[in-house]
Protein chains: 2
Amino acid sequence: MPRWDTMHDLPTGGQAGGRHGRGPLWWHGRFHGCGYRITVPRQAILNVLSKTSEHLSAEDVYIAVHKIYPNVGLTTVYRTLELLVQMGIVCKIDFGDKRARYELSEGPKGKRHHHHLVCTKCGRIIDYTDFIDKEIELLTKTEKALAKKHNFEINNHLIQFYGLCSECRKE
Amino acid sequence: MPRWDTMHDLPTGGQAGGRHGRGPLWWHGRFHGCGYRITVPRQAILNVLSKTSEHLSAEDVYIAVHKIYPNVGLTTVYRTLELLVQMGIVCKIDFGDKRARYELSEGPKGKRHHHHLVCTKCGRIIDYTDFIDKEIELLTKTEKALAKKHNFEINNHLIQFYGLCSECRKE
DNA sequence: TTAGTAATGGAAACCATTATCAATAAGGAG
DNA sequence: CTCCTTATTGATAATGGTTTCCATTACTAA
Ligand SMILES: [Mn+2]
Ligand SMILES: [Mn+2]
Ligand SMILES: [Zn+2]
Ligand SMILES: [Zn+2]
C-alpha cells in the first residue's frame with residue numbers, strides 16, 4: 001500500500017530522468033499550478049516515462065508501473081497520460097500500429113523536440129534531431145506564411161518519415 | 001439490382017474526377033495489371049472519392065455509396081479502401097479524431113501531393129500546396145541525409161500542422 | 001476531526017476495424 | 001452466349017484499444 005510519504009523510494013532514473021537538483025521533480029510545479037494533485041500513480045507513470053527512450057503504449061506504461069505498484073489500474077494510466085498530454089508534458093503520437101504511443105515531450109533539461117523515422121515493416125521508431133535545425137527554420141517560415149494565408153493559428157506540427165529500417169532492408 | 005453493364009450511368013464527377021479521355025477510367029489498367037477485378041462496389045467507391053475534396057472516413061464513403069448502391073456493405077468499403085491504399089491510389093491519414101480518413105492520393109491528372117492544416121478544435125482540415133515547393137526541396141535533402149545516416153529507406157512522409165482555424169480563433 | 005472534492009480502479013460499455021464463411025458475380029475459355 | 005473457376009462480396013460475430021460509470025479512497029483546507 002504505497003503512501004505519499006514513501007514516494008522518495010521511487011526510482012528516479014538517475015540523471016537521465018530530468019531531475020532538477022534535489023528539489024521536487026520539475027513537473028511538480030506545473031501540477032500545483034493547475035491545482036492538480038501529486039499522487040502515487042502519477043509519480044509512477046511520469047517516472048516510467050522519464051526512464052525510457054522508447055515510445056510506450058498505454059499498456060506498456062501500465063505494465064511497467066504495475067511491476068512496482070500492482071494496484072494502479074489501467075484506467076488511471078489512460079487518464080493520467082491524457083492529462084499529461086493536455087498539459088503539454090507528454091506527446092501522444094500515432095505511428096500506424098493501432099495504439100497511441102506516448103513520450104515525454106521535453107523536460108526543462110530533457111530531450112529536445114524531434115521527429116521520427118517509422119519502419120513500416122517492423123514498426124521500429126527512430127528519433128532524429130540532427131537535421132531538425134534547417135527543418136525548424138523552414139517550418140517557422142512555412143507556419144508564418146500558412147498562418148497568414150489561411151488565418152490559422154499554428155500551435156504544433158507533426159513530421160514523420162516512413163520506410164524500411166536497416167534491418168528490414170536486408171531481405 | 002445494379003449490373004455491371006449499367007455502370008456507365010455512374011456519375012463521373014465531370015472533369016474533376018480524373019478521367020482520361022473517353023476510355024476506361026485511369027485506374028482500370030492498374031487493376032487489371034494486378035489481376036484485380038473491376039466491380040460495382042469498387043467503381044462506386046472510387047467514384048465517391050473522385051467527386052469530393054473532403055477527407056472521408058470509411059463510414060462517410062459507405063453512406064455516400066449506399067445512396068446509390070444500397071446493397072454495398074460496410075465491410076467491402078473497408079476492404080476496398082485498404083486495397084486502394086495498398087495500391088497507392090488512396091491515402092489513409094489519421095487526423096487525431098479516432099477514425100482513419102481517406103483521399104485520392106493523385107490521379108494522373110489529379111490533385112497534387114499536399115500536406116494538411118488540422119484544426120484541433122472543430123476538426124476542419126485544410127489542404128495546402130502553396131508552400132510545398134520549398135518544403136519538398138528540404139524534405140528531399142533531409143530524406144537523403146537521414147537515409148544515409150540511419151541506413152533507412154524512406155518511401156513516404158507525413159507533415160501536418162495543428163492549431164486553430166479562422167472560425168475557431170474568433171472565440 | 002471533518003467535510004468537500006479530486007483521484008482511483010474494476011467492470012461494463014463503446015466503437016472503429018477485422019475475421020468468418022456461405023453466397024454471388026467478374027471475366028476468361030470454349 | 002454459356003459455363004466454370006475463383007475473386008469478391010456482405011451479414012454477422014468477434015476483436016481490442018479506449019472511455020464511461022460509479023462506488024470507494026485519499027488529499028486538502030478549515
Ligand atoms: Mn520520439
Ligand atoms: Mn488532403
Ligand atoms: Zn524495420
Ligand atoms: Zn476550427
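Computed over heavy atoms, backbone and side chain alike; hydrogens, waters and symmetry mates excluded. Chain identifiers are assigned alphabetically (A, B, ...) following the order of the sequence lines, protein sequences preceding nucleic acid strands; residue numbering begins at 1 within each chain. It should be emphasised that the depicted structure is a prediction, and the values quoted were computed from it without experimental measurement.
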note = Rounded to whole Å, the CD1-C1' distance (B:Ile45 to D:dT9) equals 11 Å
Shortest side-chain distance from A:Pro41, nucleotide among C:dG9, D:dG10, D:dT8 = C:dG9
remark   = Residues at least two apart in sequence or cross-chain that pass ring-ring contact (aromatic ring centres under 6.0 Å, His included) with B:His150, listed by chain then number, are none
Residues that A:Arg124 engages under salt bridge (charged side-chain N to carboxylate O under 4.0 Å, His left out), provided they are two or more places apart = none
request  = Starting from P on D:dA29, measure out to CZ on A:Arg37 and report it in whole angstrom.
outcome  = 9 Å
request  = For C:dT8, take OP1 and OP2 only and decide whether either is under 4.0 Å from a side-chain N or O of A:Arg42.
outcome  = yes
ask   = Is any side-chain N or O of B:Thr39 closer than 4.0 Å to OP1 or OP2 of C:dA26?
value = no
Salt bridge (Lys or Arg N to Asp or Glu O under 4.0 Å) partners of residues 56-65 of chain B, not counting sequence neighbours, each pair once = B:Asp60-B:Arg101
key: Nonpolar side-chain network containing A:Leu164, other nodes, edges under 4.5 Å   = none
task = Round to a whole Å and report the spacing from CD1 of B:Ile38 to C1' of C:dA25.
result = 14 Å
Interatomic distance, B:Asn71 CG vs D:dT8 C1' [rounded to whole Å] = 14 Å
inquiry  = Output the rounded distance in Å from CG (A:Leu83) to P (C:dA6).
reply    = 13 Å
request  = Mind grabbing the angle between the end helix axes of the helix from C:dT1-D:dA30 to C:dG30-D:dC1? Five pairs an end, 10° rounding.
outcome  = 30°
key: Length of the NE2-C1' vector between B:His66 and D:dT9, whole Å   = 14 Å
request  = With sequence neighbours excluded, tell me which residues meet ring-ring contact (aromatic ring centres under 6.0 Å, His included) with A:Phe31.
outcome  = A:Trp27
query = How far does CG of A:Leu84 sit from OH of A:Tyr102, to the nearest 0.5 angstrom?
reply = 10.0 Å
Pairs satisfying side chain to side chain donor-acceptor pair (under 3.5 Å), at least one member in residues 138-147 of chain B, at least two apart = B:Glu143-B:His157
remark   = Rounding to 0.5 Å, atoms CD (B:Gln160) and NE2 (B:His116) come to a distance of 7.0 Å
request  = Assign each of A:Val72 and B:Tyr36 to its nearest nucleotide of DNA chain C by heavy atoms, then name whichever residue's nucleotide is nearer the 5' end.
outcome  = A:Val72
Quick one: which protein N/O atoms are closer than 3.5 Å to N/O atoms of nucleotides 17-19 of chain C? Pair and distance per line, please.
from	atom 1	to	atom 2	distance (Å)
C:dT17	OP1	B:Ala100	N	2.7
C:dT17	OP2	B:Tyr78	OH	2.6
C:dT18	OP1	A:Lys98	NZ	2.9

query = D:dT15 C1' sits how many Å from A:Asp97 CG, rounded?
reply = 16 Å
request  = When you get a sec, tell me which of C:dA7, D:dT9, D:dA7 is the closest nucleotide to the side chain of B:Arg79?
outcome  = D:dT9
message = So, using ring-ring contact (aromatic ring centres under 6.0 Å, His included) as the criterion, who are the partners of B:Tyr62 when residues are at least two apart?
response = B:His66
remark   = Here the distance between atom C1' of C:dA16 and atom CG of B:Leu81, to the nearest Å, is 13 Å
